[in-house]
Amino acid sequence: MITKNTKISKKFIEKKDGIIHIQTTSNNTIATLTDMQGNTIYFVSAGSLGFKNSRKSTTYASGVVAEDLAMKAYKSGYRNVIVKVKGLGFGKRTAVRSLQKSNLIVTQLQEVTPIVYNGCRPPKKRRT
C-alpha cells in the first residue's frame, strides 16, 4: 500500500551502449564518450580538470580523466562500453584500469594507435 509520503521514482534510465576513446599524448590525455554511431556525447581532458603544464601528462591525471568520464557516462545511462586506446603516452594503462574499476562494463578493448610501416623518405646522400 502506498501512503501519501511515499515517493515513487518514475524516471527510468535506459541502458545504453557506447564507445570511449582515450587518446594519450606526451602532453595531455583526452577521453571522449560517443554513442555507437560515433556522435560525441561527452569529452574530458586533463587540462579541463585543472591540471596544468607537465602535470597533464602524468599517469595520475589520465586516471582522473577516465574516472570523471566514467562517472558522467554512468549518470547518463551508459552501462556497456567499448574502449579504444590511441597514442604513445604514459597514461594508457592507468586510464583503462580506472575504467574497469568504475561501474561500467568494458565489453571490448581495442588498441588503435597508428603504426608506421615504412616511414618517411630518408634525406639525400651528402655530397662533399
**OP:** Return the minimal non-hydrogen interatomic distance between Tyr42 and Lys72, and the atom names on each side.
**Re:**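 Residues Tyr42 and Lys72, closest heavy atoms: CE1-O, 3.8 Å.
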**OP:** Please name the pair of heavy atoms, one in Leu104 and one in Ala73, separated by the smallest distance, quoted to 0.1 Å.
**Re:**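 Smallest interatomic distance, heavy atoms only, reads CD1-CB, 4.2 Å.
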Assigning hydrophobic clusters by single linkage (Ile, Leu, Val, Met, Phe, Trp, Tyr; side-chain heavy-atom cutoff under 4.5 Å), is [X] placed with [Y]?
{"X": "Leu49", "Y": "Ile20", "result": "yes"}
{"X": "Val96", "Y": "Met71", "result": "no"}
{"X": "Leu33", "Y": "Val85", "result": "yes"}
{"X": "Phe43", "Y": "Val81", "result": "no"}

**OP:** To the nearest 0.5 angstrom, please state how far the CG atom of Asp68 sits from the OG atom of Ser48.
**Re:**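 Here the interatomic distance stands at 7.5 Å.
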Subject >> Rounded distance (nearest 0.5 Å) linking atom OG of Ser76 with atom CD1 of Ile41 >> reply: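 Rounded to the nearest 0.5 Å, the OG-CD1 separation comes to 7.5 Å.
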Original post:
Does any pair with a residue in residues 86-103 pass side-chain hydrogen bond (donor to acceptor under 3.5 Å, both in side chains), and if so which ones, sequence neighbours excluded?
Top reply: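 side-chain hydrogen bond (donor to acceptor under 3.5 Å, both in side chains) check on residues 86-103 returns Lys92-Glu111.
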Please set out all donor-acceptor pairs under 3.5 angstrom arising from side-chain atoms of residues 59-66, sequence neighbours excluded.
from	atom 1	to	atom 2	distance (Å)
Ser62	OG	Thr59	O	2.7
Ser62	OG	Gly91	O	3.3

**OP:** Could you pull out all residues at least two apart from Asn80 that satisfy side-chain contact (heavy atoms from CB on, under 4.5 Å)?
**Re:**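 For Asn80, the residues satisfying side-chain contact (heavy atoms from CB on, under 4.5 Å) (neighbours in sequence not counted) are Asp17, Ile105, Thr107.
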Subject >> Thr40: side-chain contact (heavy atoms from CB on, under 4.5 Å) partners, not counting sequence neighbours >> reply: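 In terms of side-chain contact (heavy atoms from CB on, under 4.5 Å), with neighbours along the sequence ignored, Thr40 is linked to Thr32, Thr34.
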Subject >> Step-by-step side-chain contact (heavy atoms from CB on, under 4.5 Å) determination, Leu99 to Val83 >> reply: CA-CA 9 Å; Leu99 279 176; Val83 179; 3.8 Å; yes
Original post:
Going through the distances and angles, do Leu88 and Thr113 end up as a side-chain contact (heavy atoms from CB on, under 4.5 Å)?
Top reply: CA-CA 8 Å; Leu88 300 173; Thr113 305; 4.2 Å; yes
**OP:** Output every pair passing salt bridge (Lys or Arg N to Asp or Glu O under 4.0 Å) with a member in residues 33-44, not counting sequence neighbours, ordered by first then second residue.
**Re:**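 Qualifying pairs: none.
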Original post:
Tell me the salt bridge (Lys or Arg N to Asp or Glu O under 4.0 Å) pairs involving residues 52-65, sequence neighbours left out?
Top reply: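 The answer is none; no pair qualifies.
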Side-chain donor/acceptor pairs under 3.5 Å, residues 121-128, sequence neighbours excluded:
none

Original post:
Going by side-chain heavy atoms closer than 4.5 Å, which hydrophobic residues are tied to Ile82, directly or by a chain of links?
Top reply: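 Listed partners: Ile19, Met36.
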Subject >> Thr24 side chain reached by Phe90 side chain, heavy atoms, under 4.5 Å >> reply: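 With C-beta onward as the side chain, the pair stays apart.
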